[in-house]
Amino acid sequence: MTKLTFIADTHHYSKTLGITGRQYFLRSGSDQKCLAETDEIIDAAFEKIAASDTDAVLIAGDVTNDGEMVSHLEFREKLYKLKGKKRVYLITATHDWCCDDNPRRFNGNRVTHDVEVMPSDKLPEFYKDFGPDASISKFVTHIGTCSYVEHLSDNVRLLALNDDKNENNHAGFTEEHFCWIEKQIKQAYEDNCLIIGMEHHLLTPHISPLITGGGTCVADREYVASRLADAGLRYMFVGHSHIQSTTDFKSQKGNVITEVNVGSLVGYPAPIVNVTVNDDNTLSYEVEHLEYFNKNGEKIDAQEFLKNHTLALTHRLLDSPNRQELADRLTALQLDGDRISKFSKIMIPVFRFIKTADVEKFYKKLKLFGLAKFVDKKLVKKFKNKKILEFADEIMLSAFDGSIKKYSREDDYYKLVMSVVSIPSKILKNNNDMKKLIFAVDAILTGGKFNNQKDTI
């Protein structure tokens with residue numbers, strides 16, 4: 001049996017780029033993944049993986065924060081140390097060559113852009129010892145990145161795909177790239193080998209298109225997924241969304257590709273996905289989570305730390321004391337802070353209510369607006385003292401961790417949450433996004449079709 005370990009989105013950030021000051025505070029609070037702590041988290045995870053019985057480590061892109069040269073140099077040193085214990089293969093992605101041309105250095109109240117970055121066409125040479133150089137076949141893309149095929153064992157191959165750009169500058173593959181991919185899949189079948197795919201962007205939405213649609217997936221996603229499935233690719237491991245989830249896609253010809261979305265290693269819940277290739281060419285996976293990392297000589301509970309960091313995304317927004325702070329925090333979240341904050345006189349009191357209200361108080365508000373009829377009073381009574389924010393926090397964490405805590409559709413907790421989530425769709429009956437929201441929350445609460453923590457696919 002071949003044993004593999006998948007991780008994704010390590011987003012290594014060099015502390016030399018700044019980890020203090022207001023601008024860093026805004027930036028670090030706008031992201032589920034950590035910045036200042038990536039060094040220690042990656043070291044702890046690599047140490048854990050090095051001590052395991054895995055045969056190879058596979059990293060599904062976005063290995064650095066924003067393609068900063070210093071971050072690449074530091075991360076590569078970690079890779080060489082891990083390579084002393086395990087074989088390591090990686091692909092790069094858009095964050096590794098700063099595709100938005102916005103590298104940042106934080107210094108107090110200032111953000112500067114005097115940061116050397118790695119060009120896309122230099123990445124294959126820089127990481128040649130982690131896949132490209134030992135590959136049995138390689139394809140260089142028009143932006144200089146590369147895809148490759150590597151032997152993982154006598155009868156298992158890795159199809160490592162760089163999907164940064166298609167001919168229209170969207171995530172995906174050019175026709176020439178596709179032809180190479182199809183040739184590699186066909187060759188693997190002819191050689192009686194299972195071939196496992198790894199790329200950065202999703203082939204198909206996980207949980208809901210409302211959450212992982214759009215740019216989270218490759219462009220023309222159904223076409224791309226169908227073409228890969230019809231070529232015979234059965235498994236794909238991806239990153240990018242930072243959530244832990246498994247789903248599948250069936251082409252019109254009836255071919256199925258199962259996709260495991262691996263969450264970010266430096267964000268809650270720091271997943272490490274251990275995969276066993278079975279004799280019948282099925283894959284069994286089990287997700288571990290990083291328990292601890294060391295910071296300034298102190299042993300940190302990784303799960304508690306990362307939970308708090310993730311929840312700060314919304315909590316900091318809710319804590320905004322005035323319009324300017326609200327605008328700044330919204331802008332850090334890449335929203336139009338100046339425009340949205342014009343409604344601060346309404347938003348800030350609403351935020352305060354959300355922070356403090358329990359189910360009973362929330363139900364009274366629904367009564368005022370004539371909406372209480374959609375919620376079962378018995379369920380309100382059962383959960384009357386539970387804070388509204390606790391529900392929101394639990395749903396958010398479940399979206400990232402792959403529903404570690406799952407609910408039956410017969411559970412009272414599920415029924416209460418879904419009755420509230422369904423209210424907007426009853427008011428805005430023709431709004432498809434409100435309907436998608438219902439399916440999204442249902443998938444989060446129930447865990448979806450697959451067990452995202454441990455399953456055989």
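Values reported hereafter were calculated over all heavy atoms of this structure, with side chains retained and with hydrogens, waters and symmetry mates removed.
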I need the minimum non-hydrogen distance between A332 and S30, along with the two atoms involved.
O-CB, 3.1 Å

Distance-only polar pair, side chains of N274 and E288, donor-acceptor under 3.5 Å:
yes

Check whether any side-chain N or O of S398 sits under 3.5 Å from a backbone N or O of L445 as a donor-acceptor pair, and report yes or no.
no

Count the heavy atoms of every other residue, nucleotide or ligand shown that sit under 6.0 Å from CG of D100, and state whether that count exceeds 12.
yes

Tell me whether the guanidinium CZ or amine NZ of K138 lies under 6.0 angstrom from the six-membered ring centre of Y148 and within 45° of its axis.
no

Between the side chain of R329 and the main-chain N/O of R316, is any donor-acceptor distance below 3.5 Å?
yes

Side chains of E259 and T247: any donor to acceptor distance under 3.5 Å?
no

Would you please classify the geometry between the H201 ring and the H240 ring as parallel, tilted or perpendicular, with 30° and 60° separating the classes?
tilted

Within the structure provided, determine whether S147 and H177 are in side-chain contact (heavy-atom separation under 4.5 Å).
yes

So for atom CD, which belongs to E190, do other residues, nucleotides or ligands contribute more than 12 heavy atoms lying within a distance under 6.0 Å?
yes

Would you give the length of the straight line joining atom CD of Q453 to atom OH of Y285, rounded to the nearest 0.5 angstrom?
8.0 Å

Under 4.0 Å between a Lys/Arg side-chain N and an Asp/Glu carboxylate O for R227 and E175?
yes

Kindly indicate whether a cation-pi arrangement holds for K386 with F391, taking the cut-offs as under 6.0 Å to the six-membered ring centre and within 45° of the axis.
yes

So does Y13 get a backbone contact from the side chain of T38, meaning a donor-acceptor N/O pair under 3.5 Å?
yes

Heavy-atom distance under 4.5 Å between the side chains of R221 and L202, does that happen here?
no

Which word best sums up how the rings of H309 and F305 line up, parallel for under 30°, tilted for 30 to 60°, or perpendicular for over 60°?
parallel

Shortest non-hydrogen contact between N166 and A171, atoms and distance
ND2-O, 3.9 Å

What do you reckon, is CD of E390 surrounded by more than 12 foreign heavy atoms closer than 6.0 Å?
yes

Quickly, which of E68, E40, E37 forms a salt bridge (charged side-chain N to carboxylate O under 4.0 Å, His left out) with K15? Name it, please.
E40

Quick test of your reading of the model: are D411 and K415 salt-bridged, counting only N-O distances below 4.0 Å?
no

Would you kindly say whether H11 and N65 are connected by a side-chain donor-acceptor distance under 3.5 Å?
no

Does any non-hydrogen side-chain atom of I181 lie less than 4.5 Å from one of F173?
yes

Could you tell me if the side chain of P271 sits less than 4.5 Å from the side chain of H289, heavy atoms only?
yes

Centroid-centroid distance, Y89 to F130, less than 6.0 Å
no

Would you call D55 and K3 a salt bridge, using N to O less than 4.0 angstrom?
no

Between D248 and K449, does at least one N-O distance fall below 4.0 Å, as a salt bridge requires?
yes

For a quick test of reading the model, state the closest non-hydrogen atom pair linking T64 to D96 and the distance between them.
N-OD1, 2.8 Å

I'd like to know if the side chain of N255 and the backbone of S251 have a donor-acceptor N/O pair within less than 3.5 Å.
no

State whether the number of non-hydrogen atoms from other residues, nucleotides or ligands found under 6.0 Å of K387 atom NZ is greater than 12.
yes

What distance separates D401 CG from Q303 CD, expressed to the nearest 0.5 Å?
8.5 Å

Once rounded to the nearest 0.5 Å, what's the spacing between atom CG of D393 and atom OG1 of T310?
10.5 Å

Take atom CZ in F439; do more than 12 heavy atoms of anything else shown fall under 6.0 Å from it?
no

Does D39 pair with K78 as a salt bridge, N-O distance under 4.0 Å?
yes

Over 60° means perpendicular and under 30° means parallel, so classify the ring planes of F139 and W180, tilted if in between.
tilted

Pair D43 + K81, salt bridge at N-O below 4.0 Å
no

Salt bridge flag under 4.0 Å for residues K83 and D129
no

Which pair of heavy atoms, one from K33 and one from S264, lies closest together, and at what distance?
CB-OG, 4.2 Å

Determine, for E150 against R87, whether the closest basic-nitrogen to carboxylate-oxygen distance falls under 4.0 angstrom.
no

Side chain D220, main chain Y223, donor-acceptor under 3.5 Å:
no

Look up atom NE2 in H95 and atom NE2 in H12, then write down how far apart they are to the nearest 0.5 Å.
15.0 Å

What distance do T92 atom OG1 and D164 atom CG have between them, rounded to the nearest 0.5 Å?
6.0 Å

For the atom pair CD1 (I257) and CE (M236), what is the distance rounded to the nearest 0.5 Å?
5.0 Å

All heavy atoms of F450 vs all of T246, minimum pair found to be CD1-O, 3.5 Å

For Q334, look at atom CD and say whether over 12 heavy atoms of other residues, nucleotides or ligands are found less than 6.0 Å away.
no

Can R76 be said to sit on top of F126's aromatic six-ring, NZ or CZ under 6.0 Å from centre and within 45° of the ring axis?
yes

Before accepting this row, confirm whether a basic side-chain N of the pair K128/E125 lies closer than 4.0 Å to the acidic partner's carboxylate O.
yes

